[in-house]
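Here is the structure we will look at, set down as structure tokens.
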There are 2 protein chains.
Amino acid sequence: MNMRVKISDVAKVAGVSSSTVSHVLSGNRPISPEVCLRVRQVIESLGYRPNYAAKSLASHRTMKVGVVSDEISNSISGVLVEAMNRYLRENGYSMLLGVCEFKKENAINYLREFSSGMVDGVINMIGSVSVQEAARECKTVPTITYLRAHQECPVYYDRTSGIILALEHLWSLGHRKIGFIAVSDTNPETAVEEREIGYRQFFVRMGMQPDENLIVTGNNKIESGYIYAEKLMKAGATAIMASNDMMAVGVLQWAHQNQVRVPDELSVAGFDDAPIALAVAPTLTTVQMPIDILAEKTVNALISKIKGETPRQQEVLVPRLIIRNSTGKVKS
Amino acid sequence: MNMRVKISDVAKVAGVSSSTVSHVLSGNRPISPEVCLRVRQVIESLGYRPNYAAKSLASHRTMKVGVVSDEISNSISGVLVEAMNRYLRENGYSMLLGVCEFKKENAINYLREFSSGMVDGVINMIGSVSVQEAARECKTVPTITYLRAHQECPVYYDRTSGIILALEHLWSLGHRKIGFIAVSDTNPETAVEEREIGYRQFFVRMGMQPDENLIVTGNNKIESGYIYAEKLMKAGATAIMASNDMMAVGVLQWAHQNQVRVPDELSVAGFDDAPIALAVAPTLTTVQMPIDILAEKTVNALISKIKGETPRQQEVLVPRLIIRNSTGKVKS
DNA sequence: ATGAAAGCGCTAACAA
DNA sequence: TTGTTAGCGCTTTCAT
């Protein structure tokens, strides 16, 4: 092992005690200016850096937060993780990221690993891990599960009304036969998938029976949109609402490949407002996830929890519709 | 602080010494089957989990690798980070990720933080941080800088010949006026941007002077493609080669908005083969980064370095052209 | 095959 | 304002 310079070395050279050096670094006890300066110079000249493990062992704090996510590239979760990272750093924390690749086993491992003194708090973003499971695995380490209907989650984002917002927009453009690409993943906190509920609710509210031929279930990926677009068109859809942007992009791709003009012959709407919504042509009308707010509130909630403050009541965020170029009046 | 169960508690209940428990866990000393079983049962029933900080303080190992990257969402780096994460875990390491948001200051901070006993090794993916700088900040901690021409980097990927590959393809389709969107970011290890070199080299090889009106410099983002597409078309380009996929997507977007049909009226090629290359319509012809191989070789090199093995010689990977639907014969 | 005990490098309570 | 010292919870050498 490399003989690194330690706090006692600094103390010796500076002619003070280790605890003085420690306090110069932490700043939580008054130090005379001269001593402070001298210690800092010695630290500089010796190239001293505090040992992280020793520090956290002694102080019972790591200033680290563990985040478990299924993926980070090519999806809205990456944007979210980046935003959380930003807020964590603003509060002096570093992020330890566990990427699980949709394997629950990985997620559980990360939660266990993280909570054995590795971090001060955990953010669980894994859809298949419930609030209770996360809390159980993390034992005494403060844990926040991201975006669930469950009371203990600091923020919740109402996907049901998000879908309704988009459907109202399509309806106002004259669309009546609106295809819907649902998703099967239901999180453990809600019995049924919220976006599909929104779809069904909307049509009932409009005095219509939702047409089962216009409802298909995808896998959140581009391919689902591509595959189901044709089926929905054949079923008479003049517009397609997808449960996320990736599947909406798949629909656009199918349309392009089959000379179906968007939005003239087919309107397409997505959900999330992922970066890709702006990259495709035509740009995608979509329901926006307020990523920054979600990240901030989640991080803040965790930090309060770490500090032992009593949690605030759950906040419910209202979705916003972003109208771009993939939706238009129904063809007459 | 929470009174967590520690190794001595397990030892007491199991009627053995702490060191025996430790060895049951690590497996690096023979233990009698009965003792082993008893200890494991006690561990289970007490819900014991080793304290991470104490472990690394005593063992001088963290089994963690720090990765510094500018971004993770919406770019090829996220895919790469995910791939590295996979290989690291296969080797028993966890990843500590530092997202720097293109601020060099953040990068330096992460490198310093990581190398103060927080990780066993560091992977530097920040373009503006040179091999030397990274090594300096990380002191005695083994460090690998990702994808540089520099000798000490385990893999290198020849972008110059990658561009030439794509240009040969366009040339064979009859294109002679090929616009090029370069990028200004040059990494500290190479004096000039390699992709631009490739472009210039190609035309010289074809016995032509590269036309300066057909060369513009973008910022790696979609908007650059969008902005420069028009300029390059006006300069007579029948095809546009972009230095990355995002800018190529910007060109597609401009084309779509201006009723320029791709590839009938304009061919477009990108670089990287980011996920978005498959999401757009038409799908993008591009030069593929061998992400998985790059990730594996980089991770393996770091792990060897951690183990103190002598580094192997740098490996140079050959790019591959992926022909999709955004390139076609020049219009006659 | 197992135990005893000396640290790892730091923080924080207590003393001065 | 500063120093002394007792741990933090584990690994690992040395003994047995």
request  = Could you pull out all residues at least two apart from B/Ser304 that satisfy side chain to side chain contact (heavy atoms under 4.5 Å, CB included)?
outcome  = B/Glu309
key: Near-strand residues of residues 18-28 of chain B, defined as heavy-atom separation under 4.0 angstrom from DNA chain D   = B/Ser19, B/Ser22, B/His23
inquiry  = Going by the rule side chain to side chain contact (heavy atoms under 4.5 Å, CB included), which residues pair with A/Pro311 if we only count those two or more places apart in sequence or in a different chain?
reply    = none
request  = Compute the angle between the rotation axes at the two ends of the helix from C/dA1-D/dT16 to C/dA16-D/dT1, each taken over five pairs, rounded to 10 degrees.
outcome  = 30°
inquiry  = Expressed as a whole number of angstroms, how long is the span from A/His60:NE2 to D/dG7:P?
reply    = 12 Å
query = Is A/Glu105 salt-bridged to A/Arg112, going by a charged N under 4.0 Å from an acidic O?
reply = no
ask   = Going by heavy atoms closer than 4.0 Å, what residues in residues 113-122 of chain A are next to DNA chain D?
value = none
inquiry  = So, using ring pair (Phe, Tyr, Trp, His ring centres under 6.0 Å) as the criterion, who are the partners of A/Tyr110 when residues are at least two apart?
reply    = A/Phe114
request  = Pick base, sugar-phosphate or nothing for B/Tyr52, based on heavy-atom distances below 4.0 Å to the nucleic acid.
outcome  = nothing
request  = Determine which pairs satisfy side-chain hydrogen bond (donor to acceptor under 3.5 Å, both in side chains) with at least one residue from residues 48-57 of chain A, sequence neighbours left out, and list them in order.
outcome  = A/Arg49-B/Ser115
request  = Examine distances only and state if a side-chain atom of B/Glu101 and a backbone atom of B/Asp70 form a donor-acceptor pair shorter than 3.5 Å.
outcome  = no
ask   = So with a 6.0 Å cut-off around NZ of A/Lys221, is the heavy-atom count from everything else above 12?
value = no
note = Here the distance between atom C1' of D/dC10 and atom CE of B/Met63, to the nearest Å, is 16 Å
Short side-chain N/O contact from A/Lys55 to OP1 or OP2 of C/dC10, under 4.0 Å = no
task = Write down the distance between CG (A/Asn51) and C1' (C/dT11), rounded to a whole number of angstrom.
result = 13 Å
Show the atom names and distances, to 0.1 Å, of all donor-acceptor pairs under 3.5 Å that link a side chain in residues 39-47 of chain A to residues at least two apart or in another chain.
unit_1: A/Ser45; atom_1: OG; unit_2: A/Gln41; atom_2: O; d: 3.3
unit_1: A/Ser45; atom_1: OG; unit_2: A/Val42; atom_2: O; d: 3.1

ask   = A/Arg4 and A/Asp9: salt bridge (Lys or Arg N to Asp or Glu O under 4.0 Å), yes or no, with the steps?
value = CA-CA 10 Å; A/Arg4 292 202 30 148; A/Asp9 299 327; over 6 Å; no
query = Around atom NZ of B/Lys12, are there more than 12 heavy atoms of other residues, nucleotides or ligands at under 6.0 Å?
reply = no
ask   = Looking at residues 29-42 of chain A, who's got a heavy atom less than 4.0 Å off DNA chain D?
value = A/Arg29, A/Pro30, A/Ile31, A/Ser32, A/Val35
key: Between D/dC8 (P) and A/Leu57 (CG): distance, integer Å   = 9 Å
task = Considering non-hydrogen atoms only, spot the tightest contact between A/Asn91 and A/Met63 and give its length.
result = O-CE, 4.2 Å
Side chain to side chain contact (heavy atoms under 4.5 Å, CB included) partners for A/Ser184, two or more places apart = A/Thr217
Can you give each donor-acceptor pair under 3.5 Å made by side-chain atoms of residues 148-155 of chain B, sequence neighbours left out, with the distance rounded to 0.1 Å?
unit_1: B/Arg148; atom_1: NH1; unit_2: B/Val129; atom_2: O; d: 2.8
unit_1: B/Arg148; atom_1: NH1; unit_2: B/Glu189; atom_2: OE1; d: 3.0
unit_1: B/Arg148; atom_1: NH2; unit_2: B/Ile126; atom_2: O; d: 2.6
unit_1: B/His150; atom_1: ND1; unit_2: B/Glu152; atom_2: N; d: 3.0

inquiry  = Can you see if the side chain of A/Arg61 gets near the phosphate of C/dC10 - specifically, an N or O under 4.0 Å from OP1 or OP2?
reply    = no
inquiry  = Applying the side chain to side chain contact (heavy atoms under 4.5 Å, CB included) criterion to B/Val16, which one of B/Val21, B/Val24, B/Val10 satisfies it?
reply    = B/Val21
request  = Under 4.0 Å from any atom of DNA chain D, heavy atoms only: list the residues of residues 7-17 of chain A that qualify, in numerical order.
outcome  = A/Gly15, A/Val16, A/Ser17
key: SB check B/Glu133 B/Lys104 (cutoff 4.0 Å)   = yes
ask   = Side chains of B/Ser17 and B/Thr20: donor-acceptor distance under 3.5 Å anywhere?
value = yes
